[in-house]
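Report on the following structure.
In what follows, every chain begins at residue 1, and chains take the letters A, B, ... in the order their sequences are listed. The figures here come from the full heavy-atom set of this structure, side chains too, leaving out hydrogens, waters and symmetry mates.
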Amino acid sequence: MTETLPPRTADLPAQWIPGEVEAGMYQRWVEAGYFTPEGKGDKPPFCIVIPPPNVTGSLHIGHAFEHTLIDVLVRRRRMQGYDALWLPGMDHASIAVHALVEKALAEEGTSRRELGREAFIERTWQWKAEHGGSILSQMRRLGDSVDWTRERFTMDEGANHAVLTMFKKLYDDGLIYRAERMVNWSPALRSVLSDIEVNHVEVEGELVSIRYGDGDDAIVVATTRVETMLGDTAVVVHPDDERYAHLIGTQIELPLVGRTIPILADEHVDPEFGTGAVKVTPAHDPNDFEIGRRHGLPMPTIMDESGRITGTGTEFDGMDRFEARVAVREALAAQGRIVAEKRPYLHSVGHSSRGPQEPIEPRLSLQWFVKVGPLAQAAGDAVRDGRVAVHPKEMEPRYFAWVDNMHDWCISRQLWWGHRIPVWYSPDGSEQVCLGPDEQPPAGWTQDEDVLDTWFSSGQWPFSTLGWPEQTADLDRFYPTSVLVTGYDILFFWVARMMMFGLYAMADRGPEQSIPFHTIALHGMVRDERGKKMSKSAGNTVDPIQWMDAYGTDAVRFTLARSANPGTDAPVGEAAVQASRNFGTKLWNATRFALANGADPALPLPSEPTDADAWILGRLNEVAADVDALLEDFQYAKAVEALYHFTWDELCDWYVELAKVQLRDESRADGTRAVLGHTFDVLLRLLHPVSPFLTEALWQALTGGESVVVAPWPAEAGSPVDAAAAGRVTDLQKVVTEIRRFRTEQRVPDARRVAARLGGLDGTGLGGHRGAVAALNRLDLAESPDFTPTATLEIALPGGTVHVELDTSGAIDVAAERARLGRDLTAAQKELDQADKKLGNPKFVEKAPAEVVEGIRARRATAAADIERITSRLGALPQS
RNA sequence: GGGCGCGUAGCUCAGCGGGAGAGCACUCGGCUUACACCCGAGCGGUCGCAGGUUCGAACCCUGCCGCGCCCA
């Protein structure tokens, strides 16, 4: 680094203005190479591959959440001395990109088919160059400590090589096949979708009962998709159903079409459901397809790629499916064949989760599939036998439910943007060959038209990004990767795929080394401040960039991390971001105070620390250990909460105030500067993974160090807990708080100094804190004999009672004092009653652990003493 | 129908066998020389309901009621 370091200085700007600093700071980190691992040496490797965002996407709050969680893990590991690699990149999002580019083409009055395949793809790369990947700059904005030198894209050269290699390997192993199967067809995309790209939604449709045949031979069937009757090739009934026994084996005329179809018996028909007779459309319904297979029925396709009726030889050919649904029903009604109509009829319909949310159509179609049986088995086993941990563990059943019941995966898409299936057909179509990345097809052979599902390439992400199939140094060093961080909602989308592909591609490394990652850490979804799911339709989405503009990146990250409990959803709202911003400001000002008073971590810690020093150093030690353990266990919310509480409620509210007293004492000033310096140094390092920018500015100013990014992680902060000192600080806090309470209730103005005399401090071990009590309560300690108190209060502590006499310059508010003491008395009485009840139970005394019983006895004693003291004080109050 | 989970302060959530907590909101008082994005004090909860286990249950078990998500 050639850059000059900022001088260690007491004149930090009065305010932290994130927008002016963040971008430059991030650029310096990148240029310093902090995010690029050494890739060798004796540092242990740590690697996370980014769940690749979509090339069309921009940063939404869910990304911000996930990236914050990953970055916290990575930054901590880097500070711990790991050779940390967070590998960035994007996937090519076949369908989403198609939707965008085709829309643009439509606006120009053309289409991809008019343009042709080559030109379309060229156009698409052009789109990517101009508009794709806006999320990458937003990741910089968010502070993601990714290694940009290793950025990858699922359609770059290396990924292509991996995809083709993988396809061929699977093909040669008999794990990829082509077959005509019932698939989920999207008429809008004119492509097949995989099972997981289909959402089942309850809709209000209609159930129409249709009479086939006439007179005694009539049979009634029901359907929600009336138009499919045009493709019926049979009616089936249960073999034991007496109502239809005489019809089994006979033929019946299919209305409107005029074809004759058989009535058949099939065990799978439920005679209780509807009329007990089922129309069979083998080419357009998964169940019917199975029936058709069992009975060797013809399977005419009656719907084209765009969802229009075709090939039925009826007037309905050319109509859209929904149009035909109405027209067919009306035509049947005209013939008197509609026996019943149930409307609305609630039933489940598969909808596309890609592009327009249209109903998908089951359609018989020739597609490529991955035979997942052995792959899914291995993916399940890796978790079952503990090689891969799912965190939190409660999510395991979800994972198993998926991998253990997986259907073969349809990987072909009738699209152009993506990896074209590497299979070529001979001119007469009788032969096919699958080629590897460096092989040439025979002259005159033509390549399969379809491209692969985007997940086929994303599934290879944990190793294709590291160079596979080449045996690169990165692959050797960073595979298996350490952790996969992703949302539980997309566990199925690609975790299972990465598991299957990783175990398969890396099988030669053996069971332990073939896994794609050691841990799957699942987070929840970001919800709005009311806990509602965010959606565009509900209008409750938030833009993390706007929040970053308004409150700074650190505040957004802090908020997200603070909401992140493992595997559960995270509600966030603007109020929470404000609170985080406020925390950052608090930290900023507190550090400024420390600097202005000469805080310096390089000073030696005092050999004879004060109670306050010992207490805060002990707490720092505890907090560091807690935060370290919590982050190790992905407990972000608790780790952040611990830091928030320590910083605000302990360090700022108490230690800093006590430090002000100590700094006025020459003999303790340097020790205090050392403790302040040490405490802020450690605290800033602990906070850095969560809020990197702010902590960098403060840490550099405080320590003069190069960068907190590469500062050591404080697992062991150094000072053991001094229980005696901590106890005295607790007592001190109680004394101070009780006096404040009295002042408030007596309406003594905050700013007014009050003459006072303190008694009993020495007996309770607080003799050394006389000055602190005075300073924190704005008391003038009266030494003169003519001091005349107007009020006294007694504060009971474990070691004795502190007596405080105050001259409030006037009569005290007896009613307020009576009320205050009354509340205290009620509380003490309740405490006494509870303790007596427990101690009066012989079984409790007998069976409960000794320390628990002892604790209750102590509480009883304190309560009893309180009651006596308070009662006495109440009696001494003037009658009003 | 199967699986996972949730019902704790006005809101959002921690706590998961021995004294009910946090953030935000609210009330009162304060521009006290780090900070009004702040300081001090305070109000606020039969921990969904009913049983059971236990010396002791918000916490463990059973049932019920209500809610959410995933899969079929």
Side-chain angles (χ1 to χ4, degrees), chain A residues 10 12 14-16 195-196 199-200 348 392 394-402 405 488-489 491-492 524-525 527-533 551-552 555 559 562-563 565 567-597 599 635 637-638 640-642 644-645 648-649 652-653 656-657 659-660 736-753 775-778 820 823 827 830-831 834-835 837-849 851-853 855-856 858-859 862-863:
Chain A
L12 265 178
Q15 231 189 328
W16 167 243
D195 291 346
I196 53 172
N199 289 326
H200 290 271
S348 178
E394 302 88 76
M395 290 289 175
E396 273 189 1
R398 274 170 96 106
Y399 176 78
F400 292 132
W402 175 250
N405 299 292
Y488 66 76
D489 55 321
L491 185 60
F492 319 126
M525 292 150 69
R527 293 173 170 266
D528 73 8
E529 69 277 3
R530 313 277 307 182
K532 294 274 181 286
K533 198 167 170 172
Y551 304 109
T559 303
R562 198 182 182 187
S563 320
N565 288 115
T568 51
D569 292 343
V572 299
E574 190 155 359
V577 186
Q578 280 171 2
S580 300
R581 183 269 320 262
N582 294 352
F583 174 80
T585 307
K586 186 76 179 175
L587 183 68
W588 181 266
N589 285 316
T591 310
R592 271 179 65 224
F593 165 84
L595 277 168
N597 286 281
Q635 309 258 20
K638 285 174 196 153
V640 174
E641 204 55 45
Y644 182 100
H645 176 251
W648 205 311
D649 304 333
C652 291
D653 283 355
V656 165
E657 294 306 319
K660 288 174 184 171
V736 169
T737 301
E738 283 298 315
I739 298 172
R740 282 174 178 168
R741 194 155 82 104
F742 177 84
R743 286 184 59 132
T744 294
E745 304 206 350
Q746 288 301 320
R747 301 190 172 276
V748 177
D750 290 0
R752 186 155 115 218
R753 302 198 67 85
L776 297 192
N777 288 297
R778 304 184 75 72
R820 182 176 72 89
R823 280 198 301 276
K830 189 180 167 194
E831 178 81 0
Q834 281 180 347
K837 196 177 159 196
K838 288 197 174 189
L839 294 168
N841 179 350
K843 285 183 174 173
F844 170 74
V845 181
E846 181 190 335
K847 295 197 172 183
E851 65 269 26
V852 172
V853 177
I856 298 290
R859 280 168 53 195
T862 307

List every contact pair, protein side and nucleotides 53-56 of chain B side both N or O, where the distance is under 3.5 Å.
| from | atom 1 | to | atom 2 | distance (Å) |
| --- | --- | --- | --- | --- |
| B:C55 | OP1 | A:K847 | NZ | 2.2 |
| B:C55 | O2' | A:N841 | ND2 | 2.6 |

Over all strands shown, is A:T737 touching base, sugar-phosphate only, or nothing at heavy-atom distances under 4.0 angstrom? sugar-phosphate
Taking only the P atom of each, what is the distance from B:A50 to B:G30 in whole angstrom? 46 Å
Now, which nucleotide makes the Watson-Crick or G-U wobble pair with B:U32, with each of the two distances under 3.5 Å? none
Tell me whether A:E657 is salt-bridged to A:K660, with the criterion being a basic N under 4.0 Å from an acidic carboxylate O. yes
Here the distance between atom C1' of B:A34 and atom CG of A:L12, to the nearest Å, is 11 Å
C1' atom, B:G7 versus B:A14: distance in rounded Å? 15 Å
For A:G531, does its backbone N or O pair with a side-chain atom of A:D528 as donor and acceptor, under 3.5 Å? yes
Write down the distance between CZ (A:R823) and C1' (B:A41), rounded to a whole number of angstrom. 10 Å
For atom C1', what is the distance between B:U27 and B:G66, given to the nearest Å? 34 Å
CG of A:N589 versus P of B:C38: gap in Å, rounded? 10 Å
Using a 4.0 Å heavy-atom cut-off across all strands, classify A:Q746 as base, sugar-phosphate, or nothing. nothing
Salt bridge A:K843-A:E846, side-chain N to carboxylate O under 4.0 Å: no
Kindly compute the distance separating OG1 (A:T585) from CZ (A:R592), expressed to the nearest 0.5 Å. 11.0 Å
Expressed in angstrom and rounded to an integer, what is the separation of A:D195 atom CG from B:A72 atom C1'? 12 Å
Ignoring hydrogens and geometry beyond distance, is the side chain of A:D750 in donor-acceptor contact with the base of B:G40 at under 3.5 Å? no
What string of B, S and - do you get for nucleotides 4-15 of chain B 5' to 3' if you count protein non-hydrogen atoms under 4.0 Å? SS------SSSS
Minimum-distance nucleotide (side-chain atoms of A:R740 versus B:C37, B:G42, B:G40): B:G40
Under a 3.5 Å limit for both distances, which nucleotide forms a Watson-Crick or G-U wobble pair with B:U27, could you say? B:A41
Inter-residue atom distance A:D750.CG - A:R743.CZ, 0.5 Å rounding: 7.0 Å
Check whether any side-chain nitrogen or oxygen of A:K660 sits under 4.0 Å from OP1 or OP2 of B:U33, and answer yes or no. no
Return the value, rounded to whole Å, for the distance between atom NZ of A:K586 and atom P of B:C38. 7 Å
I need the CD1-C1' distance between A:I856 and B:G18, as an integer number of Å. 7 Å
Quick one: A:N199 CG to B:C71 C1', roughly how many Å, whole number? 12 Å
May I ask you to say what A:N405 touches in the nucleic acid, namely base, sugar-phosphate or nothing, with a heavy-atom cut-off under 4.0 Å? nothing
Please state the C1' separation for the pair B:U54 and B:G17 - nearest whole angstrom. 9 Å
With a 3.5 Å limit on both atom pairs, tell me what B:G66 is paired to, counting Watson-Crick and G-U wobble, or say none. B:C6
Looking only at heavy atoms, the pair that brings A:T559 and A:S563 closest together is O-OG, 2.7 Å
Take atom C1' in B:A72 and the same atom in B:A58, then report the distance between them in whole Å. 35 Å
Quick one: A:R820 CZ to B:G42 P, roughly how many Å, whole number? 10 Å
According to a strict under-4.0 Å criterion, is A:R592 in side-chain N/O contact with OP1 or OP2 of B:C35? no
Going by purine N1 to pyrimidine N3 plus the second Watson-Crick contact, or the G-U wobble pair, all under 3.5 Å, which nucleotide sits opposite B:G19? none
Aromatic ring pairing A:F583/A:W648, orientation class (parallel under 30°, perpendicular over 60°, tilted between): tilted
What are the atom names and distances for every N/O pair under 3.5 Å that joins the protein to nucleotides 20-28 of chain B?
| from | atom 1 | to | atom 2 | distance (Å) |
| --- | --- | --- | --- | --- |
| B:A22 | O2' | A:E641 | OE2 | 3.2 |

Side-chain donor-acceptor pair present, A:Y551, A:N582, cut-off under 3.5 Å: no
Nucleotide opposite B:C60 in a Watson-Crick or G-U pair, distances under 3.5 Å: B:G52
Looking at OG1 of A:T862 and CD of A:E831, how far apart are the two atoms once the value is rounded to the nearest 0.5 Å? 8.0 Å
Confirm from the modelled atom types if A:R859 and B:G19 form a donor-acceptor pair under 3.5 Å, side chain to base only. yes
So does A:R823 pair up with A:E745, basic N to acidic O under 4.0 Å? yes
Atom OG1 of A:T591 and atom NZ of A:K586: how far apart are they, to the nearest 0.5 Å? 11.0 Å
Under a 3.5 Å limit for both distances, which nucleotide forms a Watson-Crick or G-U wobble pair with B:G1, could you say? B:C71
Considering every strand and a 4.0 Å limit on heavy-atom distances, what is the contact class for A:K837: base, sugar-phosphate, or nothing? nothing
When the P atoms of B:G44 and B:G52 are considered, how many whole Å apart are they? 32 Å
Without swapping roles, check the side chain of A:N777 against the backbone of A:I739 for a donor-acceptor pair under 3.5 Å. no
Using atom C1' in both nucleotides, what's the gap between B:C16 and B:U33 to the nearest angstrom? 47 Å
Select base, sugar-phosphate, or nothing to describe what A:E657 touches, counting heavy atoms under 4.0 Å on all strands. base
Could you work out the separation of B:C47 and B:G19 based on their C1' atoms and round it to a whole Å? 16 Å
Who does B:U46 pair with, Watson-Crick or G-U, both distances under 3.5 Å? none
Measure from NZ or CZ of A:R398 to the centre of the six-membered ring of A:Y488 and say whether it is under 6.0 Å with the direction within 45° of the ring axis. no
Looking only at the side chain of A:A590 (C-beta and beyond, no hydrogens), which of the listed nucleotides B:A34, B:C69, B:C37 gets closest? B:A34
